[in-house]
Structure formats: C-alpha cells, structure tokens
Amino acid sequence: MNYGKIAAGLIASAGLVAGAAQAEDLTVWTLNYSSEAQVAALDAAEARFEETHPGVNVDIVKRGTDEHKTALRVAAGSDTGPDVYFMWAGLGLGGEYVKAGLSRDLTDYYAKYGWKDRVSTPSLAFVEAFGPGMNGAPYRFTGEAIYYNKGLYEKAGITEEPKTYEELVAAAKKLKEAGIPAFTFGGTVNWHVMRLMDVLLETTCGVETHDALTGMEADWSTTPCAADAFKELKMWSTDYILAPFMGIDNRQSTNLFLTNRAAMMLEGDWQVNVIKEGAKLEDFAVYPFPTGTDRLYGFAEYLYISTKSKNPDLAAEFLDMFSSTEFQDQIKGAFGALSVNKSVELGDDVPELYKTWKDIFANAKGTFVNGDQAFPLDVTTEYFRIINEVASGNMEPQAAADAMQAFISKRS
C-alpha cells in the first residue's frame, strides 16, 4: 500500500473541505425589473462583489412585486430568509417589516461606512422613522410624473404642457374628442391606480390637509376635499382612462402606452429606460402632475439587512459597495435620474427626458409619498379596495370617504 499517496490524497481532500468551508453565500431578494438596464445593473453588482470578495457567491433573487412581498412575509415569520432584501421605505411597506423584526439595526454600519454623509438627504427620511435604531440603506430615491406622447398631444391640438389641474382636464377632453384615451393604468395591481388617487388628494386638499388625511389625523368623512378627490377619480376612470383598465396590469398598460394607444402615463423617472428599450425617446416628454403645491410625488427605496442573515458584516459590505461612488457612477441612469450617492450626477450627454427629470427634482418644494407608503399595511389594503370600487363605478365619492374613515376609526 502506498501510504504516501494516501496521505497526499487526504491532505488534498482536507484542502478542498477547507476551501468549501471558507466559501460564503450572500442572498439578496429584490424585484424582477422590466428594464434591461436595471437588470444589467443588478448583474453588475453581483459580479463586482464576487470579484472583490473571492470565495463569496452572490445570489440576487428577482421576483414580481406581489411575490416579493409574500416571500418577505413568510420570512418574517420563519427562521430563514435572505441576507439583504429590497423594500420601499415608507410606513406601510419597509416600516411593516421593521416592526415585524425582519430588519437589522444598522447604526454601527452607518458609523463605520459614513453612509449618512454619502447618500442624498431625501433618501434618508425613513432610516430612523420606524426604529429602534437605523433601518435600511438607501437604494434610490425616485419621483413620479406624467409622461406623454408628443404626437398624440399634437393630434389633439394640445400645444403646451398643462400647468394647472384645470388645464390637464381640458387636455384630456381634447384627447377624448380626438378619439385618444388620455391615460392608461393597470387596475389588476392595486398600486397603479392608487397613484392617480394620491395626486388627486394633493390637488384637492393641498399640503397640510393631504398630510393630515394620510397621517390619519383628519376625518376623511367630514373633510370635503377627500370626497372631492374620489369624485375626480371617478371622473377620470369613467371618461379619460383607456378601458378596460381594471382587467390589465401595469406592464400591459405600459405596452399600450408605448404603442400609441393612450397619451399619458403616471410613472417614475425609471420609466426613461423602459421607453428607451421599447420606443423612441424623442417621441415622449414628461412634466409634474399639476397639483398646485409644487411638491414632488415620489418615494425612497432601501436595501435592508435581514435579522435572519448569518453574516451581517458581509451584507453590510455589499450595501457599502452598492452605494459607493465608484459603483454608482458605473450604473448611473439605470434606476432613474437621481443617484442615491450625492456625489454622482448624470452628465450633459443624457436623453432630454433625464434632463427634464433633473429640473423636476431641482424645482420641487418638498415631497409627498405614495399612499401605500404613507399608511400602515391594513389601511393600505382598505385604501386599495375603496379606490378599486370607485374606479369600477361601484362606490360613490362620499361613500368612499366615509368608508376610509370608518376603517381608520375602527382600528384606533
């Protein structure tokens, strides 16, 4: 028997075992983006981290919005989950998982890496909002506005972008007279039509009352502008949205917009890449929904380290890499017009749509967030239900305002 060969084999095997033991996995749960640029940016994050961390295998798991939320709810109630997960940062989304104990306090990592000094100020709004400690690292801050088809506007005789809500309604009437649906929405995903209701609340109620309603500090049933907003939602749903919008989803709605079936969409700055990949950018333009308050409609998105992670230090290194100046400069424009890293800005060689977005961000006088971020999860679910009922013609505006308040009062 050749004991030398056996010994050598054992040593080699031991080396393989040791190597396997040193290998580490990092799992990131996020969305299944429709834009190729966004998918490429995530692939680049995976590749860069593996390159700079030999022996680490990064697995970025992408799911649809509802599937992602479901997976996180399951993780919150189990012993396993991802190392890092994406979530919108508001009370009804990221805040719910913070309160459920799925988010790890990142206070020490903020101090170690200096994230507060690195990221843009608006994106930090929710880090310490739902405590204890600091939860989530900003992933991006985005705005939402009206994209429109220049050719369809011209066909309807609309020569200027609406500056007031009344002018927007007048433009919608011109489009209808020309046989063109004004807006397209996807009603099978609750949050898409919600965007219209959110901006209508801002329009009819103004800043203070809108914030009081979404903060559940004002009575929906006795605040006239709440019913007025539902009245406007009913008007748009009946007269100016491409039918049958309640039977399609957001992606189908986008395809209809890109194929000239409707004149407008209420979408985020990320939509520039979606348009670029499906149509000609020069055929479209964008402007803020004319609420009359000049606040930017938008939201923050975070990457959270899960309390289920067995290696939070490695997860923090991934978050640090993602928001770094070097990496954000590499992927700038992929997720929108505004980098989460305040040192990174788009250049002058970007499409006109991005230049317009830079102006929209610069000129905003404050922000207001989507309803599903402003409300707790249970109130969001009721908000969705009521919006759908009004948009479907099954509930009258005052009854909708009454129903919102009845639900809020019952949970108090």
Note to self: Under a 3.5 Å threshold, yes or no: a donor from one side chain and an acceptor from the other, between D320 and Y109?
What the structure shows: no

Checklist line | Side-chain heavy atoms of T380 within contact of R385, under 4.5 Å | finding: no

Next item on the list: Report yes if some heavy atom in the side chain of F375 is under 4.5 Å from a heavy atom in the side chain of T381; otherwise report no.
Entry: no

Checklist line | R63 CZ: over 12 foreign heavy atoms closer than 6.0 Å | finding: yes

Item checked: Interatomic distance, M246 atom CE to I241 atom CD1 [nearest 0.5 angstrom] -> 9.5 Å

Note to self: Assess the residue pair T367 and F299 against the criterion (side chain to side chain contact (heavy atoms under 4.5 Å, CB included)); give the C-alpha distance rounded to whole Å, side-chain angles, the decisive distance to 0.1 Å, and a yes or no.
What the structure shows: CA-CA 8 Å; T367 62; F299 53 86; over 6 Å; no

Check: Under 4.5 Å between any side-chain heavy atoms of W88 and T65, yes or no?
Finding: yes

Notebook entry, point to check: Yes or no on salt bridge (Lys or Arg N to Asp or Glu O under 4.0 Å) for D378 and R411, after CA distance, side-chain angles and deciding distance?
Noted result: CA-CA 9 Å; D378 60 334; R411 70 186 298 274; 2.9 Å; yes

Margin query: Show every side-chain hydrogen bond (donor to acceptor under 3.5 Å, both in side chains) that has at least one partner inside residues 30-51, sequence neighbours left out.
Written below: Y33-Y139, S35-E277, R48-E326, R48-Q330

Item checked: Any donor-acceptor pair under 3.5 Å from H210 side chain to T203 backbone -> no

Margin query: Less than 3.5 Å apart, any donor N or O on the side chain of S306 or S309 sitting next to an acceptor on the other?
Written below: no

Check: Out of curiosity, T184 OG1 to L256 CG, how far, rounded to the nearest 0.5 Å?
Finding: 5.0 Å

Margin query: Using a 6.0 Å distance limit plus a 45 degree cone around the ring axis, check whether K176 lies over the aromatic ring of Y240.
Written below: yes

Next item on the list: Count the heavy atoms belonging to other residues, nucleotides or ligands that lie under 6.0 Å from NZ of K358, then report whether that count exceeds 12.
Entry: yes

Notebook entry, point to check: Below 4.5 Å, heavy atoms only, C-beta onward: do V379 and M404 meet side chain to side chain?
Noted result: yes

Note to self: Looking at V340, is its backbone amide N or carbonyl O close enough to the side chain of K342 to form a donor-acceptor pair, meaning the two atoms are under 3.5 Å apart?
What the structure shows: no

Notebook entry, point to check: Would a distance-only check, ignoring hydrogens and angles, find a side-chain to backbone donor-acceptor pair under 3.5 Å from S123 to S120?
Noted result: yes

Margin query: Using the ring centroid of each side chain, check whether Y297 and F289 are separated by less than 6.0 Å.
Written below: no

Checklist line | Contact check, side chains of L26 and D59, non-hydrogen atoms, under 4.5 Å | finding: no

Item checked: F284 and F257 aromatic centres sub-6.0 Å -> yes

Notebook entry, point to check: Between the side chain of T223 and the main-chain N/O of A226, is any donor-acceptor distance below 3.5 Å?
Noted result: no

Check: Taking atom types as modelled and ignoring hydrogens, do the side chains of E24 and N311 form a donor-acceptor contact shorter than 3.5 angstrom?
Finding: yes

Item checked: Under 3.5 Å: donor-acceptor pair, side chain of Q405, backbone of W220 -> yes

Note to self: Treating Y302 as the side-chain partner and V127 as the backbone partner, does any N or O pair qualify as donor plus acceptor under 3.5 Å?
What the structure shows: yes

Check: Do K163 and P290 come close enough that some side-chain heavy atom pair is under 4.5 Å?
Finding: no

Note to self: Taking the ring centre of each residue, are Y304 and Y97 less than 6.0 Å apart?
What the structure shows: no

Margin query: Could you go through N135 and F130, starting from their C-alpha distance and side-chain angles, then the distance that decides it, and tell me whether this counts as side chain to side chain contact (heavy atoms under 4.5 Å, CB included)?
Written below: CA-CA 8 Å; N135 291 274; F130 312 118; over 6 Å; no

Check: More than 12 heavy atoms of other residues, nucleotides or ligands under 6.0 Å from NZ of K355: is that the case?
Finding: yes

Checklist line | E267 vs R195, salt bridge (Lys or Arg N to Asp or Glu O under 4.0 Å): CA-CA, chis, key distance, verdict | finding: CA-CA 9 Å; E267 281 290 345; R195 293 176 182 169; 3.0 Å; yes

Checklist line | K116 atom NZ, neighbour heavy-atom count above 12 within 6.0 Å | finding: no

Next item on the list: Please work out whether the ring planes of F322 and F335 are parallel, tilted or perpendicular, with thresholds of 30° and 60°.
Entry: tilted

Checklist line | Sidechain-backbone polar pair: K308 side chain, S78 backbone, donor-acceptor under 3.5 Å | finding: yes

Next item on the list: Answer yes if the side chains of Y148 and D283 hold a donor-acceptor pair under 3.5 Å, and no otherwise.
Entry: no

Check: Between H192 and F185, what is the ring plane arrangement, given parallel below 30°, perpendicular above 60°, and tilted in between?
Finding: perpendicular

Margin query: Salt bridge check, E396 against K231: does any charged N sit closer than 4.0 Å to a carboxylate O?
Written below: no

Margin query: The test is salt bridge (Lys or Arg N to Asp or Glu O under 4.0 Å); show your working for K234 and D239 and say whether it passes.
Written below: CA-CA 8 Å; K234 180 180 178 181; D239 297 331; over 6 Å; no

Check: Counting N and O atoms only, with roles assigned by atom type, does the side chain of E144 sit under 3.5 Å from a partner on the main chain of G268, one being a donor and the other an acceptor?
Finding: no

Margin query: Working note: K174 + Y153, criterion side chain to side chain contact (heavy atoms under 4.5 Å, CB included); need CA distance, chi angles, decisive distance, verdict.
Written below: CA-CA 9 Å; K174 285 187 176 182; Y153 262 38; over 6 Å; no

Check: Distance from N370 atom CG to W191 atom CH2, nearest 0.5 Å?
Finding: 10.0 Å

Next item on the list: Would you please test I387 and N190 for side chain to side chain contact (heavy atoms under 4.5 Å, CB included) and show each step?
Entry: CA-CA 8 Å; I387 289 170; N190 298 308; over 6 Å; no

Check: Between CG of L296 and CG of N363, what distance do you get to the nearest 0.5 Å?
Finding: 10.5 Å

Note to self: Can you pull out every ring-ring contact (aromatic ring centres under 6.0 Å, His included) where at least one residue sits in residues 39-62? Sequence neighbours excluded, please.
What the structure shows: F49-H53, F49-F318

Item checked: Separation between CE of M87 and OG of S103, rounded to the nearest 0.5 Å -> 11.5 Å

Margin query: Between R140 and D269, is the salt bridge (Lys or Arg N to Asp or Glu O under 4.0 Å) condition met? List the steps.
Written below: CA-CA 11 Å; R140 67 171 172 171; D269 53 317; 5.6 Å; no

Item checked: Greater than 12 external heavy atoms within 6.0 Å of K276's NZ -> no

Notebook entry, point to check: How about Y110 and W115: are their ring centroids closer than 6.0 Å?
Noted result: yes

Item checked: Over-ring placement of K62 relative to W29, 6.0 Å and 45° cut-offs -> no

Notebook entry, point to check: N341 side chain to V119 main-chain N or O, any donor-acceptor pair under 3.5 Å?
Noted result: no

Item checked: Side-chain heavy-atom pair N149, N260 within 4.5 angstrom cut-off -> yes

Check: Are any of the side-chain heavy atoms of L175 and I158 separated by less than 4.5 Å?
Finding: yes

Next item on the list: Identify whether the distance between the nearest side-chain nitrogen and carboxylate oxygen of D211 and R295 falls below 4.0 Å.
Entry: yes

Note to self: Between E317 and Y113, is the side chain to side chain donor-acceptor pair (under 3.5 Å) condition met? List the steps.
What the structure shows: CA-CA 9 Å; E317 288 182 38; Y113 294 111; 4.8 Å; no

Check: Just how far is it from atom CG of D359 to atom OH of Y354, taken to the nearest 0.5 Å?
Finding: 14.5 Å

Note to self: For L93, is there any backbone N or O sitting under 3.5 Å from a side-chain donor or acceptor partner on E96?
What the structure shows: no

Margin query: If we count only N and O atoms by modelled type, under 3.5 Å, do the side chains of E232 and Y165 hold a donor and an acceptor together?
Written below: yes

